[in-house]
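This report concerns only the one structure given below.
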Amino acid sequence: MSKLIDGKVISAAVKAKVADGVAELKKQGISVGLAVIIVGDDPASKVYVANKKKACEALGIVSEEYALPENTTEEELLALVDRLNNAKHINGILCQLPLPKHLNEKVIIDSILPEKDVDAFHPANVGKIMIGDYDFVPCTPAGVMEMLKYEGIDPEGKTCVVIGRSNIVGKPMGMLLLHKNGTVTICHSRTKNLKEICLTADILVAAVGRADFVTADMVKEGAVVIDVGMNRKDGKLCGDVDFEAVKEKASAITPVPGGVGPMTIAMLMQNTLTAAKRQNNING
Ligand code: GUN
C-alpha cells in the first residue's frame with residue numbers, strides 16, 4: 001500500500017504563499033492581474049477557466065475573462081492579445097487551449113508577450129526551460145515538481161520515465177526532471193518496449209490521456225507514480241493509471257481527482273505573481 005500524494009493539501013500550501021505575495025505587493029500599491037481568453041464552447045475548457053477565475057478571486061488576483069464566440073477570427077483574437085500585451089494592469093495572459101480549428105494556436109501563442117506568458121508556451125519561454133534559466137514553467141509539470149519536493153522525493157540519480165511527449169506536459173516534464181539530475185526517458189505512442197522501460201522507473205509520470213493505460217505489470221515495486229491524466233470512465237473522472245492495482249505496488253501515488261489537477265491551477269497563480277513581480281522590478 002502506497003502513500004497518497006495529496007494535491008489538495010500541497011496546492012493549498014502553494015496558494016497560501018501566493019496569497020501572501022499578492023498581499024505584500026498590494027501594500028506597495030501594486031495589484032496583480034490575469035487575463036484569461038476562451039474561444040468557443042468547449043465544456044471542459046469552460047470548467048478549467050471557471051476554476052482559474054475562482055482561484056484568482058481567492059488569492060486577491062484580479063482576473064479578467066474574455067469569452068469569445070466560436071467564429072472569432074484570427075485578426076480579432078490577435079487584436080485582443082495586443083491590447084492585453086499593452087495593458088499595464090494585466091500581468092499574465094492565458095489563452096485556453098484547444099482553440100477552434102480555424103485558429104492557428106502557434107500564431108496566437110507567439111503573439112503573447114513572453115513576460116506575460118504565464119503558461120510558458122511561448123517559444124522564448126520554452127527555450128529558457130531547455131537552458132534551465134526560466135521564470136515561468138508550464139503549470140502541470142511545475143505542479144508535479146512541487147509535489148515531489150513537498151514529499152521529499154529527489155529525482156537526482158533516479159530513473160525517471162515520462163509517458164507522453166506533448167509540448168504542454170511531456171517534453172517540459174522531462175526537462176525539469178533532467179534539471180534535477182534525474183535520468184530521463186520520454187516514451188510515446190511509437191515506443192516499442194514501453195512496458196520494459198516503465199519497469200525501470202523509480203519515478204513514473206503518466207501523461208497519455210487514456211484511462212487505465214498504466215497497469216500494475218508496468219510498475220516497479222516501490223516506484224513513485226504521478227498521474228497527469230484527466231479522463232472520463234463511466235462518467236467519472238479518472239487518470240491514466242489503474243489506481244487500485246498500481247497503488248499496491250507503488251511507494252507513493254497521486255490520485256485523480258485530487259492529485260496533479262489542483263496543482264496546475266496553483267502553479268498558474270504562482271506564475272502570475274512572478275510575472276507581476278518581474279514587471280515591477282521586484283526580486284524573489
Ligand atoms: N488546455 C489544457 N491545459 C491547458 C493549460 O495548461 N493552459 C492552457 N492555456 N490551455 C490548456
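Counting starts at 1 for both ligands and their atoms, following the listed order. Being a predicted model, the structure only gives us computed values, none of them experimental. Side chains are part of it too, since the values below use all heavy atoms of this structure and drop only hydrogens, waters and symmetry mates.
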Check: Leu97 to ligand 1: N or O pair under 3.5 Å?
Finding: yes

Margin query: Please determine whether the number of non-hydrogen atoms from other residues, nucleotides or ligands lying under 6.0 Å from atom NZ of Lys17 exceeds 12.
Written below: no

Next item on the list: Specify side chain, backbone, both or neither for Cys95, according to which of its non-hydrogen atoms lie closer than 4.0 Å to ligand 1.
Entry: backbone

Next item on the list: Considering heavy atoms of the protein only, find what lies nearest to atom 3 (N) of ligand 1 and give residue, atom and distance to 0.1 Å.
Entry: Gln96 NE2, 4.5 Å

Notebook entry, point to check: Can a salt bridge be assigned to the pair Glu57 and Lys54 using a cut-off of 4.0 Å between side-chain N and carboxylate O?
Noted result: no

Checklist line | Side chain, backbone, both or neither: the part of Phe121 lying under 4.0 Å from ligand 1 by heavy atom | finding: side chain

Item checked: Within reach of ligand 1, part of Asp119 (heavy-atom separation under 4.0 Å) -> side chain

Note to self: Please report the interatomic distance CG(Asp227) to CG(Asp240), rounded to the nearest 0.5 Å.
What the structure shows: 5.0 Å

Check: Charged N to carboxylate O under 4.0 angstrom, Glu65 versus Lys53?
Finding: yes

Next item on the list: For residues Ile253 and Val241, report the shortest heavy-atom separation together with the two atoms involved.
Entry: CD1-CG1, 4.3 Å

Margin query: Under 4.0 Å from a heavy atom of Leu94: which atoms of ligand 1 are those, numbered in the order shown and with their elements?
Written below: 9 (N)

